[in-house]
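First comes the structure, then the notes that go with it.
The figures here come from the full heavy-atom set of this structure, side chains too, leaving out hydrogens, waters and symmetry mates.
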Amino acid sequence: RRPPYPCIGFKCFKCLSGHMAHHGILRCFDIVQRVPTLSCEGFADLVVGSGCTIALTEERAITLQQLEALYSHIEQWCEPGGWISGREWTLLKPTSVNLYDAVDYVVKPATAARSCSFVELFAVGPQRPTWFVSHWWGEAVLDFILCVRQHATDRSLPSEAAYWVCAYANNQWKVDAEMADNPEDTSFRKAMALSVGTVSVLDTQQKCYTRVWCAYEIFQALDPHSKVHAGRGEDSRYLYDVYTRVDEDVVGLTDGFAEIDCKNAVHPANWIMQKRRREIHFPLDTILKAMDTRVQEAMASVESDRCHILNAIAGSEDLNAEPPEAHGTYEALNNTLAGRFASAGWSIAWSRGESMEQFTHKLKGSSQQRLHLDLSSGSTHTASQRCSTKARLDITMLAENLPTSSLEDLWINFYGSGLCDADVRILGEHLSPKLRRLKLDFGGCKGLAKLDGLGCGLSHLQALSALELYCGDSGLASLEGLARGLEPVPPLKSLVLDVRTCSLVNLAGLQSVLTSFPSLTDFTLDCKVSPQTRQQSIVMSGLDGLQGLAHHPKLETLTMNLTNCKALQSLNTLSSAFVGLSSLRTFELVLDACDQFTNLDDVGSAMSQLHALADFKLSLRELRKPGPSLSSLDGLARGLSGLHALAEIKMNFRGCKSLASLEDVVGMVAGLPALAKCTLNFGGCSALEKVSGLGEALAGRPKLTSCSLEFPGCTALGGVDTLATALAALPESCSCVLDFKGCKQGPNKFARKFSTLAELRAAVVGR
């Protein structure tokens, strides 16, 4: 009746009278059904140019922008066109249009002239998938798009990222040609192999988990032995996320941390809290229902699909045979999916002060390899919940229900949960012997004084390669217990110890800990003291424990954060600690607000031994106290000059008000033949007068590719024009940032920040 949806032919229907008593054939104008014309007329808003042909179906993914264009078309034509649901026989609104409807009214009519896939209408070339989407066609297109949009936001995906959606990727005019008897040979499985992971868009009725194709997609995503996992390392492992619409919002459960979690929390220890805050509104009833999914009961529109898929999951040779009613692979998949939801449900229930017992059995029975639990006492607890016995974490129940048979990666956040020494011992006794990575956050646990129990538990983890312990603001008084019971010693390669503002008075126990792990390649020590605390810093009695670093020939990366350690005056122990560190390539040292630290000679002397060092970062900023402060960089410069492998230096001396000259830095730069990246910050160094020679020294580095010099607030600084002129001679390939804001001694044209080499050159020549 209304273009582009003229009436053509007849339609079988269920009587709309409400009695649903009979079926019949009526001419379509006798009901409000509008059957779309099979031409491209009226779809100009979806067609880009002449489109394209994409030979490989797995490369026909769709971008979020293209999905939103589809919904705009639905909004424009649904109600004016009088669209009717082909299954419910009711008038449709844009918000209720599902994928069955979209295929009938948009996908097939728009592609009729070319008999192509929907994606080929507007793509200009192959669109390889970033993520694969598993979903039920009966879900509203709007809900689907909202879930994808939130997923793209949480995962921080670029605008060109594309999602593989079967209805838009497969040619709906040649669906049989797109399929195969063996699911392994279909475009579905091939698209998954190209993707970062699978995201299940879970409809409100949870029909998704009752459809056999969705079951196959989940099988491929969760089975570590499936083809989509082949050839992937730990950094590129296949991911599985779940998103659903909750009222007017969208909430997702992500596999590990979403990129938005890391962006919203500077310190890695807080990523897990951000994850919980993002996931906390996921409905518990949805989780409980999903935990009861049984893949063997999944249905299909085509019976042969059900047989082929269930047989493929079971590993049967004859895909056409009646699939087994029960199989170990079915149960393994059911348990793995249930475990994913149980781990999320555990954290959410704890956050809400609800019982966690309903998740324990599913968690233990799962074959999860990776588990992240946030059991911190966060802001979501009310004051009464925090004080009640129900809010007291049952560590025994947790420990006994960890999936010890398969678990390789475990991160649990216990911050402020009230754990004590006995709790840690229980946890240590139940750790999975297959663990490769272990992260535990005991921050704020005032009842925790020692780590003896954990040390005993670690001796059973002979596959453990990475250990991170966060004990900030806890009652921890000694590190020695961590080394006790380590027999045999795990082959640990990476160790992070965060003891910020805890009850430690020295690092004496650190030496025995470091000695216990001779295979270390990466060590991070965070001793930052909160400015608000009245405690003396951890270094009050010295840093002798660092001597345990000596003779670690495999150590490649070392990070030390000693921020706000007020009693620290020197690092004379570093010289002996650095003996034998023949492989150390990266060293980061943070001494911000260490008010008594006025001399870098010890640091320079120690670093002169690091002949393999390629990357050095030093921060000594915010020295706002009266009295003596850092006035010379001579010792540091002497130690660094001559390190022929040093390619990158980043040093921050912002606020060092006694620093008057950079002659030592000039000599250091001249003595670094491999220097490629140089970042120096002297902002607020009000006594700094001379920078002569620095520009020439940097310009003389043949491998230099990046240079950033900051002098904002250096009111006494002279020779600004000379430095600018020398840096303007850097080659075009070198990026350059130069900040002279507040420098009053040079020409006014230089008293600004230059973000590019072109800007600097324009100022030098007077433009």
Side-chain angles (χ1 to χ4, degrees), residues 54 56-62 119 126-136 148 151-152 155 157 161-170 178-202 208-209 211-243 252-258 293 295 298 300 305 308-316 319 327-341 366-370 406 408-409:
I54 303 174
L56 299 178
T57 307
E58 59 268 29
E59 294 186 347
R60 299 176 194 158
I62 190 168
V119 169
Q127 296 184 167
R128 290 170 65 93
T130 306
W131 281 82
F132 180 95
V133 186
S134 178
H135 67 113
W136 174 51
V148 169
H151 181 264
R155 286 293 183 182
L157 300 181
Y163 291 82
W164 198 89
V165 184
C166 59
Y168 309 129
N170 287 328
E178 302 275 23
M179 307 302 289
D181 286 347
N182 190 341
E184 294 281 323
D185 299 328
T186 62
S187 56
F188 293 78
R189 205 277 307 162
K190 294 176 182 178
M192 293 180 76
L194 296 177
S195 303
V196 170
T198 291
V199 52
S200 280
V201 174
L202 192 56
C208 174
Y209 287 149
R211 309 304 299 174
V212 76
W213 272 108
C214 294
Y216 176 73
E217 292 155 3
I218 296 167
F219 166 69
Q220 287 288 329
L222 296 183
D223 182 6
H225 305 296
S226 71
K227 288 186 177 181
V228 302
H229 290 265
R232 296 176 186 259
E234 176 56 30
D235 294 336
S236 59
R237 66 182 191 83
Y238 200 84
L239 302 175
Y240 179 64
D241 296 346
V242 181
Y243 275 68
L253 304 176
T254 56
D255 191 345
F257 301 110
T293 297
V295 61
D305 284 353
H308 295 161
I309 289 172
L310 290 181
N311 279 319
I313 293 175
S316 303
L319 296 180
H327 195 275
T329 307
Y330 296 164
E331 293 307 318
L333 178 57
N334 294 339
N335 292 337
T336 300
L337 182 64
R340 288 292 185 98
F341 280 100
S366 72
S367 56
Q368 287 191 90
Q369 294 181 322
R370 180 172 178 159
S406 58
E408 296 183 1
D409 186 339

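The minimum heavy-atom distance between R128 and A162, with the atom names listed, is O-CB, 3.9 Å. Nearest heavy atoms, E59 versus P126: OE1-CB, 3.4 Å. In plain terms, the two heavy atoms of C208 and L202 that are nearest each other are CB-CD1, 4.0 Å. The minimum heavy-atom distance linking T57 with A169 is given by the pair CG2-O, 3.6 Å. Between L157 and H151, the shortest heavy-atom distance links the atoms CD1-ND1, 4.4 Å. The heavy-atom pair separating G256 from R370 by the smallest distance is CA-NH2, 3.8 Å.
The side-chain contact (heavy atoms from CB on, under 4.5 Å) check on R232 picks up S236, Y238, with sequence neighbours excluded. Scanning for salt bridge (charged side-chain N to carboxylate O under 4.0 Å, His left out) contacts around E408 gives an empty result, with sequence neighbours left out.
The closest donor-acceptor contact from the side chain of S195 to the backbone of A191 lies under 3.5 Å. W131 places no side-chain N or O within 3.5 Å of a backbone atom of V148 that could act as its donor or acceptor partner. In this structure, H308 contributes its side chain and N182 its backbone to no donor-acceptor pair below 3.5 Å.
Between Q127 and V119 there is a side-chain heavy-atom pair separated by less than 4.5 Å. For the pair V133/V201, a side-chain contact is recorded, criterion being any heavy-atom separation below 4.5 Å from C-beta on. The closest side-chain heavy-atom distance from V199 to Y243 is below 4.5 Å. With a 4.5 Å cut-off on side-chain heavy atoms, D255 and R340 count as touching. Using a 4.5 Å heavy-atom cutoff, the side chains of E331 and V295 are not in contact.
Residues E178 and S187 have side chains that never bring a donor and an acceptor to within less than 3.5 angstrom of each other. Judged by distance alone, the side chains of S200 and D241 never bring a donor and an acceptor atom under 3.5 Å apart. Using modelled atom types and a 3.5 Å distance limit, the side chains of T130 and Y163 yield no donor-acceptor pair.
Residue L319 holds its CG atom at 11.5 Å from CG of D305, rounded to the nearest 0.5 Å. To the nearest 0.5 Å, atom OG1 of residue T329 and atom CD1 of residue I313 are 8.5 Å apart. Atom-to-atom distance recorded for Q368:CD and D409:CG is 11.0 Å, nearest 0.5 angstrom. Here S406 contributes atom OG and N335 contributes atom CG; the two are 10.0 Å apart, rounded to the nearest 0.5 Å. For the atom pair CG (N170) and OG1 (T186), the distance works out to 8.5 Å, reported to the nearest 0.5 Å. Expressed to the nearest 0.5 Å, how far CZ of R189 lies from CD of E58 amounts to 9.0 Å.
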Point to revise | Evaluation steps, side-chain contact (heavy atoms from CB on, under 4.5 Å), between L239 and R155 | key: CA-CA 12 Å; L239 302 175; R155 286 293 183 182; 4.0 Å; yes

Practice item. Test Y330 against L310 for side-chain contact (heavy atoms from CB on, under 4.5 Å), laying out the working first. Key: CA-CA 9 Å; Y330 296 164; L310 290 181; 3.5 Å; yes

Exercise for review: Might you work through the side chain to side chain donor-acceptor pair (under 3.5 Å) test for T336 and S367, ending with a clear yes or no?
Suggested key: CA-CA 5 Å; T336 300; S367 56; 2.5 Å; yes

Please output the side-chain donor-acceptor pairs of residues 215-230 that fall under 3.5 Å, not counting sequence neighbours, one pair per line with the distance.
residue	atom	partner	partner atom	Å
Y216	OH	P183	O	3.4
Y216	OH	E184	OE2	3.4
Y216	OH	Q220	NE2	3.0
E217	OE1	S134	OG	2.6
Q220	NE2	E184	OE2	2.9
D223	OD1	H225	N	3.1
S226	OG	Q220	O	2.7
S226	OG	D223	O	3.0
H229	NE2	Q220	O	3.4
H229	NE2	A221	O	2.8
H229	NE2	D223	O	3.3

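A salt bridge does not link K190 with D185: none of the charged nitrogens is closer than 4.0 Å to a carboxylate oxygen.
Ring planes of F188 and W213: parallel class, angle under 30° (limits at 30 and 60°). Aromatic ring pairs are classed by plane angle as parallel below 30°, tilted from 30° to 60° and perpendicular above 60°; the pair Y209 and F341 is perpendicular.
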